[in-house]
Visitor: 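I have a structure I would like to understand better, so I am pasting it below and will then ask my questions one at a time.
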Protein chains: 2
Amino acid sequence: MNIEEQLKKAFDPYFEAPIEIWKHFASLCELIYYKKNEIIKEAHRADRYGYFLLEGSVGQFVWKENNFICLDLFLENSFFADDISLMSGKPSAMQIVALEKSSVLRLSRSNIEKLKQTPMGAMLFMIGDQNAYAEKQKQQIEFMTKTAEERYRELMKSKPEILQRISQKHIASYLGITTQSLSRIRRKKD
Amino acid sequence: MNIEEQLKKAFDPYFEAPIEIWKHFASLCELIYYKKNEIIKEAHRADRYGYFLLEGSVGQFVWKENNFICLDLFLENSFFADDISLMSGKPSAMQIVALEKSSVLRLSRSNIEKLKQTPMGAMLFMIGDQNAYAEKQKQQIEFMTKTAEERYRELMKSKPEILQRISQKHIASYLGITTQSLSRIRRKKD
DNA sequence: CAAAAAAGTTACCATAGGGTAATAAAGCAT
DNA sequence: ATGCTTTATTACCCTATGGTAACTTTTTTG
């Protein structure tokens with residue numbers, strides 16, 4: 001599958017934009033490859049890019065005491081960014097890291113602005129932003145209404161491939177617990 | 001202060017739109033009054049409105065075990081909605097409640113769509129959505145990197161009026177703890 | 001204003017999850 | 001492959017927070 005088809009397919013569940021839009025989108029991007037554990041966006045720097053993950057996996061992290069904890073995980077065909085830095089133009093605490101060998105489309109802020117000036121482009125970003133918010137709110141509800149063990153079992157059911165591909169260290173911090181606690185949960189039954 | 005000035009002033013920190021836009025915005029809204037504890041949007045219903053809080057305070061809740069826990073709190077001059085239901089058109093678990101006597105501007109989905117068709121309107125909603133996402137992410141970082149006690153002290157510092165105006169029951173659940181735990185924290189020193 | 005309801009406090013014990021540390025297992029590099 | 005580094009497991013004890021329950025204070029409402 002070529003890149004514009006991949007973009008279209010990833011976005012279609014939310015809004016079906018014609019393939020020409022995605023050709024235009026892709027034409028404004030750079031294609032970048034990252035090795036496992038390579039830093040895509042360093043903590044306490046500014047970043048003026050949005051990204052689309054073609055292959056691999058990526059995590060958003062912030063520092064807590066003595067390690068990075070994971071705010072969100074992305075698998076291929078997802079949009080991701082350090083939205084706070086991208087919006088404000090200022091440095092943010094977030095670090096973004098490739099968790100597997102990954103290929104990524106990178107779109108600069110100025111090209112984002114260009115895209116937003118077309119009606120269809122504006123629509124895409126609006127829907128993307130709304131969706132990001134909705135996902136974050138769902139994540140909050142999971143956090144506030146379920147135990148770590150319930151969140152683990154939920155994740156196991158809904159995205160089992162994450163458990164195969166991402167190290168438990170990251171999954172544990174994503175679930176809001178230590179690797180020891182995750183081990184304890186996994187031991188019970190699996 | 002009249003309504004359009006109030007709208008403009010609330011939004012200006014993010015993007016300075018001309019007052020005419022806000023007149024147009026206000027003209028598409030209904031003004032509604034709620035009593036303390038009145039339900040603005042009931043859990044497990046759909047809601048096709050966005051809201052702007054002129055006076056009072058409002059909370060977003062979801063059910064957990066035997067009570068409603070608070071996902072977010074709003075004071076006057078904030079936009080709020082059940083975004084998930086508003087986006088999807090479908091029922092959602094969220095309940096929205098006036099926590100004090102409140103006055104609210106209510107904007108229907110169809111009028112939101114109308115506004116979004118103007119370039120300036122599209123801009124406003126885009127910025128609003130981005131901002132909502134950024135706030136939610138900040139809230140997540142607070143949750144994942146700080147203890148309940150730290151979150152309480154932080155809230156005390158950043159929005160002390162909340163502690164005066166909102167019942168501890170709601171503040172406790174907003175902080176992710178029980179009222180007993182909040183009492184214990186408050187006892188320490190205050 | 002008085003009675004009733006709701007909210008807040010305190011104490012008790014229970015439990016999920018954290019911190020340290022030792023060990024085992026897996027992944028990576030020469 | 002062989003060692004070196006990182007990750008995962010397990011055990012130990014510790015702490016923050018939860019649940020129940022009794023009591024007090026505040027708020028609501030007839």
Side-chain angles (χ1 to χ4, degrees), chain A residues 34-39 56-57 59 61-70 73 97-102 142-156 162-190, chain B residues 34-39 56-57 59 61-70 73 97-102 142-156 162-190:
Chain A
Y34 292 100
K35 288 181 284 197
K36 181 169 177 173
N37 294 322
E38 199 172 347
I39 295 174
S57 51
F61 297 86
V62 291
W63 191 254
K64 175 185 184 183
E65 278 135 40
N66 37 11
N67 18 31
F68 279 106
I69 60 162
C70 181
L73 291 169
V97 180
L99 303 179
E100 300 173 297
K101 191 165 176 291
S102 298
E142 286 280 299
F143 237 84
M144 294 186 77
T145 62
K146 294 185 179 161
T147 64
E149 177 160 355
E150 289 170 323
R151 294 197 295 278
Y152 172 71
R153 304 221 177 276
E154 184 63 34
L155 183 66
M156 234 171 70
I162 284 190
L163 303 176
Q164 307 312 314
R165 292 166 53 181
I166 313 287
S167 78
Q168 285 178 218
K169 178 172 86 157
H170 294 138
I171 291 171
S173 76
Y174 174 71
L175 293 172
I177 57 178
T178 58
T179 72
Q180 295 92 313
S181 291
L182 180 54
S183 252
R184 197 165 31 211
I185 288 167
R186 285 163 54 82
R187 190 181 354 159
K188 289 197 189 173
K189 81 173 179 12
D190 211 83
Chain B
Y34 292 99
K35 290 182 284 198
K36 181 168 177 175
N37 295 323
E38 200 173 344
I39 295 173
S57 52
F61 297 86
V62 291
W63 191 253
K64 175 187 181 180
E65 276 136 42
N66 37 9
N67 17 31
F68 279 106
I69 62 162
C70 183
L73 291 169
V97 180
L99 302 179
E100 299 173 298
K101 192 165 175 290
S102 298
E142 284 282 299
F143 236 85
M144 294 187 77
T145 62
K146 294 184 180 162
T147 65
E149 178 160 355
E150 289 169 323
R151 294 198 295 276
Y152 172 71
R153 305 220 177 278
E154 184 63 34
L155 184 66
M156 234 171 69
I162 283 190
L163 302 176
Q164 307 312 313
R165 292 167 52 182
I166 312 288
S167 77
Q168 286 178 217
K169 180 173 83 157
H170 294 138
I171 291 172
S173 77
Y174 174 70
L175 293 172
I177 57 179
T178 58
T179 73
Q180 295 93 312
S181 291
L182 179 54
S183 253
R184 197 163 33 209
I185 288 167
R186 284 163 56 82
R187 187 175 4 155
K188 289 197 190 174
K189 83 171 180 358
D190 208 81

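Chain naming here is simple, since letters A, B, ... match the order of the sequence lines and numbering starts at 1 in each. Hydrogens, waters and symmetry mates play no part in the numbers below; they use all other heavy atoms, side chains included.
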Visitor: Would you tell me if any nitrogen or oxygen in the side chain of A:Ser183 comes within less than 4.0 Å of OP1 or OP2 on D:dT10?
Guide: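 Answer no for this pair, as no side-chain N or O of A:Ser183 is under 4.0 Å from OP1 or OP2.
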Visitor: Just how far, in rounded Å, is C1' of C:dA6 from CD1 of B:Ile166?
Guide: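 To the nearest whole Å, that distance equals 16 Å.
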Visitor: Side chain of A:Glu65 only, heavy atoms from C-beta on: which candidate in D:dT9, C:dG19, D:dT17 is closest?
Guide: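 Of the options given, the side chain of A:Glu65 lies nearest C:dG19.
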Visitor: Let me know the distance between CD1 of A:Ile177 and P of D:dT15, rounded to the nearest Å.
Guide: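 Distance, rounded to whole Å: 21 Å.
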Visitor: Report yes or no: is there a donor-acceptor pair, N or O only, under 3.5 Å between the side chain of B:Arg184 and the base of C:dG8?
Guide: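 Per atom types, no contact qualifies.
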Visitor: Using heavy atoms to find the nearest nucleotide of DNA chain C for A:Arg151 and A:Gln180 separately, return the residue whose nucleotide is more 5′.
Guide: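 The residue mapped nearer the 5' terminus is A:Arg151.
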Visitor: Is the phosphate of D:dT28 approached by B:Lys36 (side-chain N or O, under 4.0 Å from OP1 or OP2)?
Guide: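 For B:Lys36, the contact criterion (side-chain N or O under 4.0 Å from OP1 or OP2 of D:dT28) is met.
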Visitor: Within a reach of under 6.0 Å around NZ of A:Lys101, are more than 12 heavy atoms found that belong to other residues, nucleotides or ligands?
Guide: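 No, because the 6.0 Å sphere around NZ of A:Lys101 holds 12 heavy atoms or fewer from other groups.
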Visitor: It should be established whether B:Thr178 places a side-chain nitrogen or oxygen under 4.0 Å from OP1 or OP2 of nucleotide D:dT17.
Guide: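 No, because none of the side-chain N or O atoms of B:Thr178 sits under 4.0 Å from OP1 or OP2 of D:dT17.
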Visitor: Working note: A:Leu99 + A:Leu73, criterion side chain to side chain contact (heavy atoms under 4.5 Å, CB included); need CA distance, chi angles, decisive distance, verdict.
Guide: CA-CA 9 Å; A:Leu99 303 179; A:Leu73 291 169; 3.5 Å; yes
Visitor: I need the NZ-P distance between B:Lys64 and D:dG19, as an integer number of Å.
Guide: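 In whole Å, D:dG19 P and B:Lys64 NZ are 7 Å from each other.
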Visitor: Would you say that A:Tyr174 contacts A:Arg151 through its side chain, given a criterion of any heavy-atom pair below 4.5 Å between the two side chains?
Guide: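 When only atoms from C-beta onward are counted, A:Arg151 and A:Tyr174 do not touch, as no gap falls below 4.5 Å.
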Visitor: Compare the minimum distances between each of C:dA11, C:dG17, D:dA8 and the side chain of A:Thr147, then state the nucleotide with the smallest one.
Guide: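 Output: C:dG17.
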Visitor: Write down the distance between CZ (B:Arg186) and P (D:dT25), rounded to a whole number of angstrom.
Guide: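 Distance, rounded to whole Å: 15 Å.
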Visitor: Can you measure A:Lys188 atom NZ to C:dT15 atom C1' for me and round it to whole angstrom units?
Guide: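 After rounding, the reported distance stands at 11 Å.
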Visitor: Between C:dT9 atom P and B:Leu182 atom CG, what is the distance in whole Å?
Guide: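 Going from CG in B:Leu182 over to P in C:dT9 covers 7 Å.
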Visitor: Rounded to the nearest Å, what distance is computed from the CG atom of residue B:Leu99 to the P atom of nucleotide C:dA7?
Guide: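 Spelled out: CG on B:Leu99 to P on C:dA7 is 11 Å.
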Visitor: Side chains of B:Thr179 and B:Gln168: is there a donor and an acceptor less than 3.5 Å apart?
Guide: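 No, no side-chain donor-acceptor contact under 3.5 Å.
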Visitor: On DNA chain D, does the nearest nucleotide to B:Lys146 precede the nearest nucleotide to B:Asn37 from the 5' side, or the other way round? Give the residue.
Guide: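 It is B:Lys146 whose nearest nucleotide is closer to the 5' end.
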Visitor: In whole angstrom, what separates B:Glu38's CD from D:dT28's P?
Guide: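 Value for this atom pair: 15 Å.
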Visitor: Let's see if you can work this out: which of D:dA11, C:dG17, C:dA11 has an atom nearest to the side-chain heavy atoms of A:Arg187?
Guide: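 For A:Arg187, the side-chain atoms sit closest to D:dA11.
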Visitor: Please tell me which of the listed nucleotides, C:dT9, D:dA8, C:dG18, lies nearest to the side chain of A:Ser167?
Guide: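 Of C:dT9, D:dA8, C:dG18, D:dA8 is nearest to the side chain of A:Ser167.
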Visitor: Of the nucleotides C:dA7, D:dG18, D:dT7, which one has an atom closest to the side chain of B:Ser181?
Guide: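 Among C:dA7, D:dG18, D:dT7, the one nearest the side chain of B:Ser181 is D:dG18.
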Visitor: So B:Ser183 and B:Arg186, side chain to side chain donor-acceptor pair (under 3.5 Å) or not? Walk me through it.
Guide: CA-CA 5 Å; B:Ser183 253; B:Arg186 284 163 56 82; 5.6 Å; no
